[in-house]
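Read through the structure below, which is laid out as structure tokens, and then see the notes.
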Amino acid sequence: MEVPMTHSADYTPHHDDPATPSLDELFRNVPCVRTVEELASPGIFESDEELEEFLAFTYAARRADLA
């Protein structure tokens with residue numbers, strides 16, 4: 001089975017819904033993380049479960065790159 005591929009130059013984003021905000025609009029008031037200490041500060045994750053999900057995703061992504 002052949003999987004159709006699209007070259008990135010052929011990609012055109014779809015903006016069918018004018019109510020959909022742009023990335024700039026979505027991230028306008030999101031503060032930037034400037035240091036590792038800011039990222040490691042308490043309260044980054046709302047719960048232990050959220051932290052565990054993040055770690056599981058991160059470990060799985062790293063293992064996937066090894067294959």
Side-chain angles (χ1 to χ4, degrees):
M1 179 170 109
E2 186 175 326
V3 177
M5 302 295 276
T6 302
H7 187 274
S8 61
D10 298 331
Y11 175 73
T12 304
H14 298 283
H15 297 287
D16 296 334
D17 184 0
T20 303
S22 69
L23 287 178
D24 289 334
E25 293 169 323
L26 287 172
F27 290 100
R28 181 171 298 135
N29 296 316
V30 175
C32 293
V33 175
R34 292 181 173 78
T35 66
V36 173
E37 287 78 18
E38 288 180 21
L39 186 61
S41 65
I44 290 292
F45 296 99
E46 293 181 7
S47 67
D48 289 343
E49 291 79 22
E50 186 178 12
L51 171 60
E52 292 300 323
E53 288 176 15
F54 171 76
L55 292 175
F57 171 82
T58 302
Y59 295 145
R62 288 180 180 174
R63 283 190 299 272
D65 287 341
L66 296 176

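Atom set for the values below is all heavy atoms of this structure, side chains included, hydrogens, waters and symmetry mates excluded.
Qualifying side chain to side chain contact (heavy atoms under 4.5 Å, CB included) partners for Phe57, counting only residues two or more places apart in sequence or in other chains: none. Among residues two or more places apart in sequence or in another chain, the side chain to side chain contact (heavy atoms under 4.5 Å, CB included) test is passed with Glu49 by Ser47. When the side chain to side chain contact (heavy atoms under 4.5 Å, CB included) test is applied to Arg28, the partners found at least two apart in sequence or on another chain are Glu25. Partners of Pro42 according to the side chain to side chain contact (heavy atoms under 4.5 Å, CB included) rule, which considers only residues two or more places apart in sequence or in another chain, do not exist here.
Among pairs with a residue in residues 25-45, those fulfilling ring-ring contact (aromatic ring centres under 6.0 Å, His included) read Phe45-Phe54, at least two apart in sequence or across chains.
Between atom OG1 of residue Thr58 and atom CD of residue Glu53 there is a gap of 11.5 Å, rounded to the nearest 0.5 Å.
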